[in-house]
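To keep things clear, I will list the structure first and then write my remarks on it.
Predicted model only: the values in this text are computed from it and were never measured. Chain letters run A, B, ... following the sequence lines, proteins first and then strands; every chain starts at 1.
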Number of protein chains: 2
Amino acid sequence: MNEEAEHWITRYVDAYLIVTRQISARIKERIAEGLTTDQFLILRLIKAQEQCTSTYLAESVCVGKSSITAIINRLDEAGMIERTRDENDRRLVYLSLSEQGEEVYQLAEKQVKDVISPYLLHFEEEDIEKFITMFEKLAFLMQETGGRTE
Amino acid sequence: MNEEAEHWITRYVDAYLIVTRQISARIKERIAEGLTTDQFLILRLIKAQEQCTSTYLAESVCVGKSSITAIINRLDEAGMIERTRDENDRRLVYLSLSEQGEEVYQLAEKQVKDVISPYLLHFEEEDIEKFITMFEKLAFLMQETGGRTE
DNA sequence: TGAAACAGTTCTACACATGAACTATTTGTC
DNA sequence: GACAAATAGTTCATGTGTAGAACTGTTTCA
């Protein structure tokens, strides 16, 4: 690893620390009404995925299945999601948003967008597009290799 | 907020979720020997800051002071840091890495770099520079405004 | 001098993560 | 067809991180 790479990583970690912490703090302030940031992200994944399972969520967020069970239990107790067993393979439990979960999620999503969007004004459209495209490529690489950096 | 902005935010959150989770999972695998990711970041901040205080850390990571006390207590019990009271203003406690803390930190930092650097190979140097510069600008904006998006 | 401000800690309660052990199913193989 | 192995999900115990209120000790300043 050359010095340039080291320097980039230091700068990336510096910026990353600030950006993620600040965004997460702002979002927390806004969606405090009964939804944590993690719960928001889980609802988001459930909503996006047809026939979403615990195993899928665990892999998506790089976490053990037992952690997902805990989160899902809390969302279930709060009446935000529904669990449906697959009739053909009764090991599988499909997760979906309840009506109430849908409402809460919609509100939270709006607030997340309200938090982030003002910052976009400080950038050129072209730069934003390029930035996000690179971020997506990085995400793709990480997801594809699953950590195996061949 | 226009539709383009909404779309950008959706894409950003999608990529963000994957990148942060994957990086954090990879780092966790590597520095499992007695350091959590948060502890690593705290050590990093202490190291970078001359006369680092709890209040500074709390503000840096957007968290209550009591959370910092908890983290610092654990690092202290593990013999990784030292607390020194200011002689002139005895309310202040300065934090610094112990010899052992320094060693553990150095090792962890190397491993973080080993985790991230392979991904850099997939990008043009020019693009990396631009990406990080934008990320830094975003970090700067967030830190400056402290959430007040005037 | 006394009230207010400040730095840090303690306490309680909760969310999240982990890994091992467990239940209930399904799959694959002899 | 029976039975071991694999799979999906849950439970449990333990540790970490976060929040907020109440608290101690110290400094500032009116």
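Taking atom CZ of A:Arg74 as the reference point, atom P of C:dC14 lies 11 Å away to the nearest angstrom. As a whole-Å value, the separation of B:Glu87 CD from D:dT27 C1' is 15 Å. One interatomic measurement links the two molecules: CZ of B:Arg91 to P of D:dT28, which rounds to 6 Å at whole-angstrom precision. Spacing between atom CG of B:Asp38 and atom C1' of D:dA19 amounts to 15 Å, rounded to whole angstrom units. In this entry the distance linking CD of A:Gln51 with C1' of D:dA8 reads 15 Å, nearest Å. Whole-Å rounding puts the B:Arg90 CZ to C:dC6 C1' distance at 16 Å. Whole-Å rounding puts the B:Leu92 CG to C:dC6 P distance at 13 Å.
For A:Ser54 and D:dT10, the shortest distance from a side-chain N or O to OP1 or OP2 is below 4.0 Å. In this structure, B:Arg83 reaches the C:dT9 phosphate: one of its side-chain N or O atoms is under 4.0 Å from OP1 or OP2. The side chain of B:Asn73 contributes no N or O atom lying less than 4.0 Å from OP1 or OP2 of C:dG8. Put simply, B:Thr55 has no side-chain N or O that comes within less than 4.0 Å of OP1 or OP2 on C:dC6. Close to D:dT18, at under 4.0 Å from its OP1 or OP2, lies no side-chain N or O of B:Ser66.
Considering only side-chain atoms of B:Gln39, the nucleotide from D:dA19, D:dG17, C:dT18 that sits closest is D:dG17.
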> When you look at B:Arg26 and B:Asp114, which way does the salt bridge (Lys or Arg N to Asp or Glu O under 4.0 Å) test go after all the steps?
Replying inline: CA-CA 10 Å; B:Arg26 309 254 174 289; B:Asp114 289 347; over 6 Å; no
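Heavy-atom distances to DNA chain D give each of A:Ala70 and A:Arg21 a nearest nucleotide, and the one nearer the 5′ end belongs to A:Ala70. Nearer the 5' end of DNA chain D, as judged by each residue's closest nucleotide, is the contact made by A:Tyr56, out of B:Gly64 and A:Tyr56. Nearest-nucleotide positions on DNA chain C place B:Lys65 closer to the 5' end than the other of B:Lys65 and A:Asp86.
Side-chain contact between A:Glu59 and A:Thr53: absent, with no pair of heavy atoms (C-beta onward) separated by less than 4.5 Å. Residues A:Trp8 and B:Glu129 form a side-chain contact, since some pair of their non-hydrogen atoms from C-beta on lies under 4.5 Å apart.
The hydrophobic clustering, which links ILVMFWY residues whose side-chain heavy atoms are closer than 4.5 Å, places B:Val112 and A:Leu138 together.
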